[in-house]
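Structure first, commentary second.
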Amino acid sequence: METSTEGVVQTPSSPAAAATTADPTAVTGAAAIPPASLSPSRAGDFMQCPLLYRFRVIDRLPEKPSEAATRGTLVHAVLERLFDAPAAERTAPRAKALIPGQWDRLRETRPEVAELFADDPDGERLARWLGEAERLVERWFSLEDPSRLEPAERELFVEAELDSGLKLRGIIDRVDVAPTGEVRIVDYKTGKAPRPQYAEGALFQMKFYALVVWRLKKVVPRRLQLVYLGSGDVLTYDPVLADLERVERKLLALWEAIRLATETGDWRPRPTKLCGWCDHQAHCPEFGGTPPPYPLPVRPAADGQDVAATG
Ligand code: SF4
């Protein structure tokens, strides 16, 4: 699982800057400071739709928790906690027994998730939802055997700074290290595996993590492994250094495009069928909405600069 770790975009202290909108003719002396870090999720947001990135990172518009995403968080917590038990006790019944406690904990740490079932007074929908979480947890045991695994790390926060100053951040679900020193990076997905033609997109996040590990430890992970609990598939990829160098170049191009959009305020919507899952249609021009006033100072794009480029 990957959680957003980007910091808030800094705004200059000038009150005029704070009042500036994305009107490209509105120029102030101060320059907006682009985010200094990228996570796989936010990089993915910008590639999917620059305006979505703006809404999430710069405007920080609230988003409602979804049943699917919250179930994913719950299942991840259960799989992580199961490794607290001795190897022989890491069974499916034990894992399923962790679900109620982890759900209580999730509601304590993120009270907004309780809203998901506010209109479910008899608890039927909640029971179905928890039942689906149980099935996902149970399916994991057909894909991996936790009694034979001893993760080196779980829910590992990683951060590496590239020579350009860009920080790459993320949280890796699990890191396994073989006695030979070979590293395997594992990520759990509660959805279904993508069709083969979309596998490259799914692996982007894993190559991002591999790049961070390589930068931190000077070791190219031996294997990247995506475990799809929704469909019962495991997708693996054995990266080589050239893969990681390619991802680094792509991320630097992406960061440059983000920097340009931050400074010019030109965040273009890119409608796709994924808009159906976007919480921000009410603010999106593609759906007749208006973005909130841009909170940063802007400068016009110079001739030849393509602010929509994503590398
Ligand atoms: S609705 Fe679609 S085009 Fe509009 S911001 Fe969301 S993802 Fe982008």
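- Tracing side-chain contacts under 4.5 Å through hydrophobic residues (I, L, V, M, F, W, Y), one never reaches Leu274 starting from Tyr53; they form parts of separate clusters.
- Exactly one of Thr190, Asp187, Asp173 qualifies for a side-chain hydrogen bond (donor to acceptor under 3.5 Å, both in side chains) with His76. That residue is Asp173.
- For the salt bridge (charged side-chain N to carboxylate O under 4.0 Å, His left out) with Arg215, the qualifying choice from Glu161, Glu248, Glu245 is Glu248, the only one to do so.
- Using a 4.5 Å heavy-atom threshold, the side chains of Leu79 and Leu229 count as touching.
- Annotation: the span from Arg139 atom CZ to Asp233 atom CG amounts to 9.5 Å, rounded to 0.5 Å.
- The shortest side-chain heavy-atom distance between Tyr209 and Phe204 does not fall under the 4.5 Å cut-off.
- At a threshold of 4.5 Å between non-hydrogen side-chain atoms, the residues Thr70 and Leu116 count as touching.
- Between Arg270 and Pro50 there is a side-chain heavy-atom pair separated by less than 4.5 Å.
- Using a 4.5 Å cut-off on side-chain heavy atoms (C-beta onward), Leu211 and Phe208 make no contact.
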Show the numbers, then the answer: is there a side-chain contact (heavy atoms from CB on, under 4.5 Å) between Val75 and Trp140? CA-CA 10 Å; Val75 169; Trp140 181 45; over 6 Å; no
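- Within the model, atoms CZ of Phe46 and CG of Leu38 stand 9.5 Å from one another, a figure rounded to the nearest 0.5 Å.
- Seen from the ring of Tyr228, Lys192 does not count as a face-on cation partner, given the 6.0 Å and 45° thresholds.
- Applying side-chain contact (heavy atoms from CB on, under 4.5 Å) to Pro146 and the options Arg174, Arg94, Arg90 leaves one that passes, Arg90.
- A donor-acceptor contact closer than 3.5 angstrom links the side chains of Gln225 and Glu144.
- In this structure, Glu263 and Val298 have side chains that are not in contact, with every pair of non-hydrogen atoms separated by 4.5 Å or more.
- Lys96 places none of its side-chain heavy atoms less than 4.5 Å from the side chain of Leu98.
- Residues Tyr294 and Thr262 are in side-chain contact: their nearest non-hydrogen atoms beyond the backbone lie under 4.5 Å apart.
- Note on Phe55 and Phe287: separate hydrophobic clusters, where clusters join Ile, Leu, Val, Met, Phe, Trp and Tyr whose side-chain heavy atoms are under 4.5 Å apart, directly or indirectly.
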